[in-house]
There are 4 protein chains.
Amino acid sequence: MHELDFINHPVNYGDMTRDAMPVTEERLRDADRSQGTILAAARGEFAEFGLGGARMDRIAERAGLNKRLIYYYFTDKEALFQAVLEQAYRDIREAEQRLNLLELKPAEALRRLVEFTWNYYLDHPEFLTLLNSANLHKARHLQESQRARELNSPLIEMLAQILERGRREGSLRGGVDPLQLYISIAALPYFYLSNNHTLSAIFGRDLMTAKARNERLSHMCDLILGYVLRD
Amino acid sequence: MHELDFINHPVNYGDMTRDAMPVTEERLRDADRSQGTILAAARGEFAEFGLGGARMDRIAERAGLNKRLIYYYFTDKEALFQAVLEQAYRDIREAEQRLNLLELKPAEALRRLVEFTWNYYLDHPEFLTLLNSANLHKARHLQESQRARELNSPLIEMLAQILERGRREGSLRGGVDPLQLYISIAALPYFYLSNNHTLSAIFGRDLMTAKARNERLSHMCDLILGYVLRD
Amino acid sequence: MHELDFINHPVNYGDMTRDAMPVTEERLRDADRSQGTILAAARGEFAEFGLGGARMDRIAERAGLNKRLIYYYFTDKEALFQAVLEQAYRDIREAEQRLNLLELKPAEALRRLVEFTWNYYLDHPEFLTLLNSANLHKARHLQESQRARELNSPLIEMLAQILERGRREGSLRGGVDPLQLYISIAALPYFYLSNNHTLSAIFGRDLMTAKARNERLSHMCDLILGYVLRD
Amino acid sequence: MHELDFINHPVNYGDMTRDAMPVTEERLRDADRSQGTILAAARGEFAEFGLGGARMDRIAERAGLNKRLIYYYFTDKEALFQAVLEQAYRDIREAEQRLNLLELKPAEALRRLVEFTWNYYLDHPEFLTLLNSANLHKARHLQESQRARELNSPLIEMLAQILERGRREGSLRGGVDPLQLYISIAALPYFYLSNNHTLSAIFGRDLMTAKARNERLSHMCDLILGYVLRD
DNA sequence: CATGAATGAGATTTCATTCAT
DNA sequence: AATGAATGAAATCTCATTCAT
């Protein structure tokens, strides 16, 4: 997202005269860009060290920007964390939107959702850590966020439709609470990946090899589909 | 004045030898008790604020003991955290030992394990946070722990036996990896409880009412048993 | 929205020479107005928080103008404070000028001066705080001001004439140093108003009610006139 | 006060055994001493630079103690300022207590009070600056002080008695409000000394020479006594 | 065994000021 | 004339840890 912003951010107006330059746009983009850079740097730092362990100095360094600028744009560490969190949610919601589950058959849609969740967590490990941090602080940052409700996943509604359709078709069992199902679909990969280190240490077995990962994905699909499919 | 203070400092008990002191045993008991008090205080603090957010000052205050004593017994914050973590694992393993799953019928044993896990997490919320903290730090504290292996749950072995027995009896399906199943049984309540705040904030729905908790437990049992039972 | 504002902003008047521009005068007026706005904002800020506590950011905000502009017109915070101080002095001197004490009978002139001082301080509480700040900094800003001497109150000279006339008439006692008297006439309301909060807190009595203020004014008149009048 | 604490602060308990040492006293006294040192350093710093201009670093340096210790004992800058303020008030009240005005004849007592106030302000210039700072902050620090009322000068009561006695004797006029008089007696030297720099700069005349000071004291006595004496 | 006092390093945050248009 | 973005230096405050009995 932010990455893309950079692409068309030419600083070179060739031989345009200074007066003719679209000064304002340039500036606004700079401000936006700085904010984006800070946000990205902060996301990395918070993900790696948690809210308490993150260092504003390091965030500035990661961003290649003056520390003061962080406060200029984000007020303080807490607010910055909140901004990072909101963005992380917006990102995953956006990805979810692109799934188009309703075009698939119910069972297929569920499998696809399990796969998507697994892959998204794999590709965005920061999301897990951020979520952990947020929960350590009792979701205070979300509760303070006025956009909290917007972060409500549209998937719940979609899931409800899929389940209902499956039930009517006779392919899925009835009486499944979409929220419970959604939570379970998130829980299964989340725990595995988030606690990967502890689990690996205790069981003396690397859970992140390609093989282990494939096994986990199958297991989760089996579990979810085994539960929801009408036999 | 500081200078002079040294003069008569020697740990001088007159000519009594230290071993001959009548108080020794009592003292040892005090020592044990102090360590326990510190450990309990630290567990609370780490659970509430994470490793980064925990404060040695507050731990001392919670324990009602001098801060210096913590260092005396536990070297430093990291080591203290490690001690807390090991104890938390020992505690849950002890509880697991008392389950006697092998005495039950396979399906019954599984249901009981799901219920146990759910209830243990409910009763020991600090376990979840400690686990989170440990993983934020990539389980460094476990890897450094020489007792890590001892923490390996005996449940895996037990689960393997249960699954095998069920398969032979024909009551359970075959081909279920006990480790995957164990992880899933932990994952389902873990995510729900650990992310309770975030989920409640986002879905605008209190997930901790008695009703909601009962629903979650049924859902988890349905999910696990629906998957594992041979139909 | 911001973007659009700038579009026709460029300081480009085509090939008109700058001197020929019709807007010059208007601009000068704007410049004057901006300076005045800044000065007023700064006076408020310095009065409320002192030199050390005043914030350039807040001054800009109060003025509704860009912070950079303050530096453009006033060099730095110190110089701005000096400018504020000079203006405050000019203001009170101007007000004094309008008193026309010499037209009154000596005793009447003195009473009027006491009343004027009291009222001026009441109406311009910022004057007191500015004076305090100036003195905290050992009047450095005044010493650096080239106009310091101009700030010398013409009242001293006037007071000398009044006292002399009164002495000759026999209505006032002799041997009164006009500077001492002037200082006392300022001191009596100054302390009351400047320390109003402290005094109110300590004596648990609101000193700013209409009644309390009237009492103070009578007391001061009694004190000054009781001293200076020949009985 | 603190100064005296040092005097009997022996560090040498000779051949007392360790257990017999009044360890606690010793320690407490050290803590007291450190607090006293910090308080004295802070008083100087706040007096010189005001609350906003004071630097915690400099206070630590002045005290010859670790900056951290200031926070250990006084929480933060504001609280430290409050402590300094309270102490300054306690000091002047203590000095007032030693005046024994009631033993003198009314007129004599008043003259003595004027002299005392003048000399106290001369000897404790920090008191004036602290008072100024306190008032800049609208006496917030006093209002928050639970001891505010204890700082109420007993002089008011004493003054009331003196005035009443003088009135009955016939030596003093009646109808004088002791609070108004007290404020005026404070106001006259306060303004002169507190604004000394500004006044000197403006009038181009050093107000702190021995001669100038004597003149001021006479003037104040004349003013107060001229007002209060029955002729 | 136990402790109150003290500290250095480093964290977050602030603030006057300058840059670049 | 006017501005939003950016900064370096320094301020306040925090925190794990050690000192000295």
Side-chain angles (χ1 to χ4, degrees), chain A residues 18-19 21 23-24 26-28 30-31 33-35 52 54-58 60 65-73 75-78, chain B residues 2-3 5-11 23-24 26-31 33-34 54-60 65-73 75-78 80, chain C residues 2 5-6 9-11 23-24 26-28 30-31 33-34 54-60 65-73 75-78 80, chain D residues 18 21 23-24 26-28 30-31 33-35 54-58 60 65-73 75-78:
Chain A
R18 204 163 174 265
D19 285 341
M21 268 198 293
V23 185
T24 321
E26 172 70 15
R27 279 192 194 138
L28 277 179
D30 267 359
R33 173 154 67 145
S34 294
Q35 271 167 273
R55 293 294 164 252
M56 297 299 273
D57 270 337
R58 267 190 318 235
L65 284 168
N66 190 281
K67 196 173 27 163
R68 180 63 185 81
L69 208 57
I70 303 178
Y71 292 91
Y72 184 60
Y73 286 123
T75 312
D76 63 12
K77 201 189 188 187
E78 295 270 304
Chain B
H2 285 290
E3 306 85 40
D5 281 357
F6 291 94
I7 290 176
N8 33 25
H9 170 258
V11 191
V23 266
T24 308
E26 230 171 80
R27 277 202 184 169
L28 282 179
R29 217 169 292 137
D30 279 7
R33 196 176 45 190
S34 291
R55 295 292 164 253
M56 296 300 273
D57 272 333
R58 271 193 311 239
I59 293 173
L65 283 169
N66 190 279
K67 206 174 13 164
R68 185 65 187 76
L69 211 55
I70 303 178
Y71 289 92
Y72 182 68
Y73 286 126
T75 313
D76 63 10
K77 198 190 188 187
E78 295 272 303
L80 178 59
Chain C
H2 286 288
D5 283 355
F6 287 90
H9 171 258
V11 194
V23 267
T24 308
E26 231 172 79
R27 276 205 183 168
L28 283 177
D30 278 6
R33 194 175 48 189
S34 291
R55 294 292 163 255
M56 296 299 273
D57 271 333
R58 271 193 310 241
I59 293 173
L65 283 169
N66 190 279
K67 207 173 14 165
R68 186 64 188 76
L69 212 56
I70 303 178
Y71 289 91
Y72 182 69
Y73 286 126
T75 311
D76 62 12
K77 198 189 189 189
E78 296 273 300
L80 178 57
Chain D
R18 200 168 175 265
M21 264 200 295
V23 184
T24 322
E26 170 71 11
R27 280 192 193 139
L28 277 181
D30 265 0
R33 174 154 64 144
S34 292
Q35 272 168 273
R55 293 291 165 252
M56 297 299 273
D57 270 338
R58 265 190 321 236
L65 283 167
N66 190 282
K67 194 174 30 163
R68 180 62 186 81
L69 209 56
I70 304 178
Y71 292 92
Y72 184 60
Y73 286 123
T75 311
D76 63 10
K77 201 189 188 187
E78 294 271 304

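Chain naming here is simple, since letters A, B, ... match the order of the sequence lines and numbering starts at 1 in each.
Side-chain N/O atoms of B:Asn66 include one lying less than 4.0 angstrom from OP1 or OP2 on E:dG4. Using a 4.0 Å cut-off, no side-chain N or O of D:Tyr72 falls inside it from OP1 or OP2 of E:dA6. Put simply, D:Tyr71 has no side-chain N or O that comes within less than 4.0 Å of OP1 or OP2 on F:dC15. Contact annotation: A:Arg68 does not reach the phosphate of E:dT13 (side-chain N/O to OP1 or OP2, under 4.0 Å). Taking side-chain N and O atoms only, D:Ser34 has a distance below 4.0 Å to OP1 or OP2 of E:dA6.
Per the geometry, CG belonging to A:Asp57 stands 17 Å off P belonging to F:dT14, to the nearest Å. Nucleotide F:dC15 holds its P atom 16 Å from the CD atom of B:Glu78, rounded to whole Å. Nucleotide F:dT14 holds its P atom 13 Å from the CD1 atom of D:Ile70, rounded to whole Å. Between A:Asp76 atom CG and F:dC13 atom C1' there is a gap of 15 Å when expressed in whole angstrom units. For the pair D:Lys77 NZ and F:dT14 C1', the interatomic distance rounds to 17 Å; values are reported in whole Å. The nearest whole Å value for the distance from the CG atom in C:Leu69 to the P atom in E:dC19 is 17 Å.
Which of F:dT17, E:dA16, E:dT12 sits closest to the side chain of C:Met56 comes down to E:dA16.
D:Ala60 comes within contact range of no nucleotide atom at all, as no heavy-atom separation falls under 4.0 Å.
Counting heavy atoms of neighbouring residues, nucleotides and ligands inside a 6.0 Å radius, atom OH of D:Tyr73 exceeds 12 of them.
Shown here are the side-chain hydrogen bond (donor to acceptor under 3.5 Å, both in side chains) partners of B:Asn66, two or more places apart in sequence or in another chain: there are none.
Considering OG of B:Ser34 and CG of B:Leu69, their distance stands at 5.5 Å, rounded to 0.5 Å.
The minimum heavy-atom distance linking B:Lys77 with B:Ala54 is given by the pair NZ-O, 3.0 Å.
Mapping A:Gly52 and C:Arg55 onto DNA chain E via the closest heavy atom, the residue that lands nearer the 5' end is A:Gly52. Annotation: of the two residues near DNA chain E, D:Leu65 and B:Leu65, the 5′-most nearest-nucleotide partner is B:Leu65.
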Quiz prompt | Canonical and wobble pairing (Watson-Crick, G-U, under 3.5 Å) of DNA chain F, dot-bracket with | | solution = .||||||||||||||||||||
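For E:dT3, its base never sits under 3.5 Å from the side chain of B:Lys67 at any donor and acceptor pair.
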Practice problem: Check the pair B:Ile59, B:Met56 against side-chain contact (heavy atoms from CB on, under 4.5 Å), reporting the backbone distance first and the verdict last. | Solution: CA-CA 5 Å; B:Ile59 293 173; B:Met56 296 300 273; 4.3 Å; yes
